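Presented below is the structure to which this report refers.
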There are 4 protein chains.
Amino acid sequence: MTTAIDCFARYGYQGTSIDRIASAAGVTKGALYYHFRDKEELLFEAVKDRIAEFEERVVGSVSPVTDPPAALAEIARVCVHIATKNNLRRFILTLMVEALDTNPRLSQAFRDILRRFRSYLAGIVRLGQEQGVFRSDVEASRAAQLFAGGVIGAELQHYQDPERVDLGVVMQGVVDQLVSWLTVDADQLPHGVHAKRGARNNRRESR
Amino acid sequence: MTTAIDCFARYGYQGTSIDRIASAAGVTKGALYYHFRDKEELLFEAVKDRIAEFEERVVGSVSPVTDPPAALAEIARVCVHIATKNNLRRFILTLMVEALDTNPRLSQAFRDILRRFRSYLAGIVRLGQEQGVFRSDVEASRAAQLFAGGVIGAELQHYQDPERVDLGVVMQGVVDQLVSWLTVDADQLPHGVHAKRGARNNRRESR
Amino acid sequence: MTTAIDCFARYGYQGTSIDRIASAAGVTKGALYYHFRDKEELLFEAVKDRIAEFEERVVGSVSPVTDPPAALAEIARVCVHIATKNNLRRFILTLMVEALDTNPRLSQAFRDILRRFRSYLAGIVRLGQEQGVFRSDVEASRAAQLFAGGVIGAELQHYQDPERVDLGVVMQGVVDQLVSWLTVDADQLPHGVHAKRGARNNRRESR
Amino acid sequence: MTTAIDCFARYGYQGTSIDRIASAAGVTKGALYYHFRDKEELLFEAVKDRIAEFEERVVGSVSPVTDPPAALAEIARVCVHIATKNNLRRFILTLMVEALDTNPRLSQAFRDILRRFRSYLAGIVRLGQEQGVFRSDVEASRAAQLFAGGVIGAELQHYQDPERVDLGVVMQGVVDQLVSWLTVDADQLPHGVHAKRGARNNRRESR
DNA sequence: TATGAATGAGCGTTCATTCAT
DNA sequence: CATGAATGAACGCTCATTCAT
């Protein structure tokens, strides 16, 4: 199964033959077909498996959320860690793109995954808005789309050109620019409310 | 050729058979093989063709660059326009992901393309820094990576979930958050230098 | 085993997988292989089993034979009964056809079965000839072939088109036409011998 | 195509692999797939082709029908000829049995074929009834079923046991017994109607 | 006795590619 | 220039059979 995920992540669904998975895993085709009805079930099982793991790690790393900007930074760090340690994120990215017009069911699965991810991010942003550390005139869902898009774009560029694109650096930038944009200036806050973290920090430097 | 690009954009390289292109284009397979040595050459020809067009439109839309923030906004607008009008961007995205580990030569081509794109963006950012409207403590190349990543991430999310992700809105956000992050505060500017555009605008609202 | 016969009757030998039999019978493949050396032995065992049953029922229904025309009618009735109650006859027919050129051993088995059946029929006809109710210028074996062929043809047509071909009606016709053909005219009978059944009803003739 | 028919006739549909047809015909699998969409189309094309030929030969051999008994005899002769010269009849028989529960579409095709055949036979019988050579108290369709069944049963027995079952002899018997059954005695005919041919001939001998 | 896991040969089918015309 | 026919390698999948437990 790990082998299958590896192959799918590298060569895509169509580019991965059952033979390749089998021989890479040191078993025969027949053995695979004993455990999975067909290639698609193998894929879906792999997706289900890994997505659950990914979501647990993201949520687990920052729960409970008390400091929204820190939570976003932590999520970015987890994404970097996952993306560089194993190929889970790449697995998702590769298959998501491939599925777009070729596999409606799989595409729907990825759509749901991304929606959950954005929804989770939006919750964090909304919390920040309630706390007064984030401005309220930006829709939380839009901020979530920006963050998710930044993550995806960073990963894709990194996979594409690892020697030029340092994933950690870019991902930090994704957080920085979003937080910078969202953070209200202290002197603009209504009386009695204070940003808990020095917003200046984010504006000034990067990594 | 247009048909080929269309098929590649939709179904990817492996998912597109010569038969499909031929019958969709109303010609025979033999005719295709008369004009292109093999499937890969057809692909490369298509890529070369479209990339040139894309770069011309981006550069042409903002040249010469005088107002960096406006230039970034304009580039974002062009990307939205291209992405929604035809499938050129999707063509690039789809094939880029697919080529990652399966076609080194194609992958190199896309690497070069992205590098040129980021390099062009970095130039704009650098100009803004020289003009004093952008802070100088952020590397221009890093800002370029963030912008490019934001564009890619926005497009991918849009293709994946068009009814939830409005490409125009997200892309505007990409510009907003980056410009917000890069823009220096007026009171921090050295004497005699003034931001030409009201930086505050970007902080306050969106779209 | 009943399940196996059922599957073979319906889908043929090649069309029946061990998996199908096993899961239909609620056991595992391994269990089948414990009881039968291979698929072919399972088939032969099934054939042997059912043929014996069929022959017993046919012979049992009319023995001892005293009235040849009545015996033929009775055999036809038994065939109809068997063919419509369970799928035994169909089992034989299906496998017989399939085995023709693909399984010499099985084909030989069916050849023997049919020979025994015809031989039994010929005995009845011969008895009728000795009794004087059947004309003697027709070879008994030929009459047996006609009867057997009529039965087979009737069944096959019935399986093929049950709503148009009423097996009982056709089978009755098989008996009628044969008896009509075999029955000698009363005025041609030697003195002292009388047809026991009303030959007139069945008999008409010529070409 | 001829090769395909030959294989299908011998080994059935499931028992015939594309490889077998291809190599028997001296071409490659790919060539077959260039001319036929899939195995089933190849089969249907073969069936369509051969059925048309069969029907033409049967109808052509006795048209126009003037003498019903002679027409039946002629049809039997044609069937014998076709069955012994090429494997067309066997092709039909084999596939018809196999298709019963495994291929509804093919089964329907064979159902239609048999219906047409019986319908044609019934027409001949009906003509005989109008001419007064056949008794009218037997439904023409039933007589047709008996004749068709006799033909099928004769062929099947012959394929199964060629050294014991002489197709020509049995087929002649099929005609004899049916005509014998259907033919009215001259003295039972209504006044003014006379059997045109001497009926006695058929009673006396066979083959 | 019975099971679950595994094997490997073979099947129907696809597809990039070639080639005579 | 273009076509239709053909090739052969590979693919997804099935299935009879084996075997350790």
Side-chain angles (χ1 to χ4, degrees), chain A residues 4 7 11-23 25-43, chain B residues 4 7 11-23 25-43 103, chain C residues 4 7-8 11-23 25-43 103, chain D residues 4 7-8 11-23 25-43:
Chain A
C7 289
Y11 311 110
Y13 179 67
Q14 303 194 75
T16 302
S17 74
I18 296 283
D19 259 319
R20 169 130 62 176
I21 298 175
S23 66
V27 298
T28 59
K29 264 191 299 185
L32 284 187
Y33 275 94
Y34 180 78
H35 294 284
F36 304 95
R37 195 165 14 80
D38 56 16
K39 193 182 172 186
E40 201 170 337
E41 188 186 301
L42 176 53
L43 172 65
Chain B
C7 291
Y11 310 109
Y13 178 67
Q14 302 196 75
T16 302
S17 71
I18 296 281
D19 260 315
R20 170 130 63 177
I21 297 174
S23 69
V27 298
T28 60
K29 271 192 294 186
L32 283 186
Y33 273 90
Y34 180 80
H35 292 288
F36 305 94
R37 194 165 16 82
D38 56 15
K39 193 181 171 187
E40 201 171 335
E41 189 187 304
L42 175 54
L43 173 64
N103 193 328
Chain C
C7 290
F8 285 143
Y11 310 109
Y13 178 68
Q14 303 196 74
T16 302
S17 71
I18 297 280
D19 261 313
R20 171 128 63 177
I21 297 174
S23 69
V27 299
T28 59
K29 269 190 297 184
L32 283 186
Y33 273 91
Y34 180 79
H35 293 286
F36 305 94
R37 194 165 15 83
D38 57 14
K39 193 182 171 186
E40 200 171 336
E41 189 187 304
L42 176 54
L43 174 65
N103 193 327
Chain D
C7 290
F8 284 143
Y11 310 109
Y13 179 66
Q14 302 194 76
T16 302
S17 72
I18 297 282
D19 259 319
R20 170 130 62 179
I21 297 175
S23 66
V27 297
T28 60
K29 268 193 294 186
L32 285 186
Y33 274 92
Y34 180 78
H35 293 284
F36 304 94
R37 196 166 11 82
D38 55 17
K39 195 182 171 186
E40 202 170 336
E41 189 187 301
L42 175 54
L43 173 64

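This is a predicted model, so every value here is computed, not measured. Convention: sequence-line order gives letters A, B, ...; per-chain numbering from 1.
Listed for the B:Arg37 side chain is no donor-acceptor partner under 3.5 Å among the backbone atoms of B:Leu42. Formation of a donor-acceptor pair under 3.5 Å by the A:Thr16 side chain with backbone atoms of A:Cys7 is found in this model. The backbone N or O of D:Ala4 lies less than 3.5 Å from no partner atom in the side chain of D:Arg20, so there is not a single donor-acceptor pair.
Here the C1' atom of nucleotide F:dG12 and the CZ atom of A:Arg20 are 15 Å apart, to the nearest Å. One can place CD1 of A:Ile21 at 14 Å from C1' of F:dC13, the figure rounded to the nearest angstrom. For the pair D:Asp19 CG and F:dA9 C1', the computed distance is 13 Å after rounding to whole Å.
Between C:Ile18 and C:Tyr33 there is a side-chain heavy-atom pair separated by less than 4.5 Å. Using a 4.5 Å heavy-atom threshold, the side chains of D:Lys39 and D:Tyr13 count as touching.
Looking at the side chain of D:Lys29, the nearest of the listed nucleotides E:dT13, F:dT17, F:dG8 is E:dT13. Set against F:dA16, F:dG4, F:dC1, the side chain of B:Tyr34 has F:dC1 as its closest nucleotide. Of the candidate nucleotides F:dC11, F:dA6, F:dT3, F:dC11 has the atom lying nearest to any side-chain atom of A:Ser17. Taking only side-chain atoms of C:His35, from C-beta outward, the nucleotide of F:dG4, F:dT17, E:dA2 with the closest atom is E:dA2.
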Do any N or O atoms of the protein come closer than 3.5 Å to N or O atoms of nucleotides 19-21 of chain E, and which pairs are they?
none

So what is the 5' to 3' dot-bracket string for DNA chain E, if pairs are Watson-Crick or G-U wobble with both distances under 3.5 Å, crossing pairs use [ ] and | means the partner sits on another strand?
.||||||||||||||||||||
